[in-house]
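For reference, the structure discussed in these notes is given below.
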Amino acid sequence: MRLATWNINSVRARLPIVDQLITTQAPDVLCLQETKVQDQLFPRDFFRERGYVHMAIRGQKGHHGVATLSRVPFEGSGHIDWCGKGDARHVSIRLSGGAAVHNFYVPAGGDEPDPAVNEKFAHKLSFLDEMIAWSKDLKDPSIMVGDLNVAPAPEDVWSHKQLLKVVSHTPVETDAMGRLQAAHGWVDAVRTHHPLPEKLYSWWSYRARDWSASDRGRRLDHVWISPALDGKTTGLTILRDARGWEKPSDHVPILVDLDM
DNA sequence: ATGGTAGCGAAGCTA
């Protein structure tokens, strides 16, 4: 089974390159973040026509939004209302066989990395704290994917030194990511297949003159699996090329092949 | 130190 995760920064604006991903990579399960559309306006027919007839969609007007589209049936879906804000930042499905797929869009956190003056950063830290508590109690074999908006290791950013005070790579965030990983024994499947110290990015700003030449990227998108599923991933690709596609997202897809 | 781009939805906010 092949699973893809992708922050597409508007599903409606990105249909041509979603089609390109489906045609060239043929994922069975597609986890999208930042769909930026209300559920009644979600392009269901587009996915249905391409065989993704099983859909778990959770959107809201204008911002955020996640969706998991699948060619293989799933047994149920759900979501958690993180921080009690009603944001569409998480949707889960249960695959036949029992494994859950949790699709996340963690808050970006604004610009100022101080929770005392920036409520968006405080929200991000609270969200991560709730994920830690949830992970401690998590029993089911699970796959957690999505835009976690944290680049944990020095090799996950273009310049560790220059990003230490930039939201996404501050010590308080990377520490939280470490505690999140430990809380369930999450295995970072990207690093299983592309170990440190290889530099890896999944996001490049729209604001660069030449994203590829400057290559100032960050690894914000993740595929984590339960210890019980360790060894079930047979391959994993960060599709850097997609950043150069026509009218791209600022994030690229991650593809993981699972023996299950 | 600053500003650069993109999407939503129709001005400014978020990223």
Side-chain angles (χ1 to χ4, degrees), chain A residues 5-21 31-44 46 57-67 82-83 85-90 103-115 117-128 145-152 156-159 161-170 172-174 176-177 201-222 240-254:
Chain A
T5 179
W6 194 8
N7 178 325
I8 43 170
N9 185 22
S10 166
V11 65
R12 289 175 292 177
R14 232 54 78 192
L15 289 181
I17 60 170
V18 171
D19 195 37
Q20 193 168 345
L21 179 77
C31 298
L32 303 176
Q33 303 89 37
E34 276 209 271
T35 52
K36 293 188 171 179
V37 65
Q38 301 167 87
D39 291 351
Q40 65 266 31
L41 297 176
F42 192 92
R44 285 181 173 77
F46 172 91
I57 297 165
R58 196 160 130 71
Q60 67 184 82
K61 188 183 173 89
H63 300 289
H64 320 319
V66 288
W82 303 90
C83 302
K85 290 174 71 82
D87 286 348
R89 293 184 176 276
H90 169 244
N103 177 1
F104 277 95
Y105 175 52
V106 171
D111 287 331
E112 180 61 49
D114 179 355
V117 299
N118 173 9
E119 65 182 37
K120 290 201 277 287
F121 194 68
H123 177 216
K124 182 178 196 174
L125 297 181
S126 297
F127 196 106
L128 292 170
V145 304
D147 178 3
L148 303 187
N149 262 317
V150 179
D156 295 328
V157 292
W158 66 274
S159 168
K161 190 177 174 186
Q162 289 183 252
L163 288 175
L164 272 171
K165 292 180 177 174
V166 174
V167 171
S168 72
H169 193 62
T170 64
V172 63
E173 293 167 273
T174 56
M177 284 286 274
Y201 315 134
S202 66
W203 172 90
W204 293 261
S205 172
Y206 281 127
R207 299 175 190 178
R209 288 187 194 87
D210 184 334
W211 72 272
S212 186
S214 56
D215 202 21
R216 295 186 169 190
R218 306 177 201 171
R219 189 168 74 100
L220 304 178
D221 302 276
H222 297 271
R240 180 186 169 105
D241 284 359
R243 186 62 180 79
W245 287 353
E246 187 78 19
K247 206 170 177 243
S249 170
D250 45 356
H251 297 252
V252 298
I254 300 175

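So you know, we letter chains A, B, ... as the sequences are listed, proteins then strands, and number each from 1.
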*Whole Å only: how far is the CG atom of A:D147 from the C1' atom of B:dA15?*
10 Å
*Find the distance A:Q33:CD to B:dA15:P and express it as a whole number of Å.*
14 Å
*Could you tell me whether the side chain of A:D87 and the main chain of A:W82 form a donor-acceptor pair under 3.5 Å?*
no
*For B:dC8, take OP1 and OP2 only and decide whether either is under 4.0 Å from a side-chain N or O of A:K61.*
no
*Rounding to a whole Å, what distance do you find between A:R207:CZ and B:dG4:C1'?*
7 Å
*Want to settle it: does A:Q60 or A:H64 sit nearer the 5' end of DNA chain B, counting the closest nucleotide to each?*
A:Q60
*Keeping the roles fixed (side chain from A:R218, backbone from A:S168), state whether a donor-acceptor pair exists under 3.5 Å.*
no
*Inter-nucleotide P distance (B:dG3, B:dG7), Å rounded*: 22 Å
_Could you tell me how far apart A:N9 (CG) and B:dG9 (P) are, to the nearest whole angstrom?_
12 Å
*Classify the angle between the aromatic ring planes of A:F104 and A:F127 as parallel (below 30°), tilted (30 to 60°) or perpendicular (above 60°).*
perpendicular
*Nearest to the side chain of A:E34, which nucleotide is it out of B:dC13, B:dC8, B:dA15?*
B:dA15
*Please state the P separation for the pair B:dA1 and B:dT5 - nearest whole angstrom.*
22 Å
*Provide, to the nearest angstrom, the distance between the CG atom belonging to A:N7 and the C1' atom belonging to B:dA6.*
12 Å
*Describe the nucleic acid contact of A:R209 in one word from base, sugar-phosphate, nothing, applying a heavy-atom distance below 4.0 Å.*
nothing
*Quick one: is A:R12 getting a side-chain N or O under 4.0 Å of the B:dG9 phosphate, OP1 or OP2?*
yes
*Does the A:E173 side chain pair with the main chain of A:V150, one donor and one acceptor, at a distance under 3.5 Å?*
no
_Without decimals, in angstroms, what is the distance between A:H63 NE2 and B:dG7 P?_
14 Å
*Within the structure shown, what part of the strands sits under 4.0 Å from A:R14 by heavy-atom distance: base, sugar-phosphate, or nothing?*
sugar-phosphate
*Could you say whether A:Y206 or A:G62 is positioned toward the 5' end of DNA chain B, judged by the nucleotide with the nearest heavy atom to each?*
A:Y206
*What nucleotide, of B:dA15, B:dG7, B:dA6, holds the atom closest to the side chain of A:Y105?*
B:dA15
*Distance-only, no hydrogens or angles: does the A:R89 side chain make a donor-acceptor pair with backbone N or O of A:Y105 under 3.5 Å?*
yes
_B:dA15 OP1/OP2 closer than 4.0 Å to side-chain N/O of A:K36_ = no
*In whole angstroms, how far is the P atom of B:dA6 from the NZ atom of A:K247?*
10 Å
*Report the distance from atom NE2 of A:H251 to atom P of B:dT5, rounded to the nearest whole Å.*
18 Å
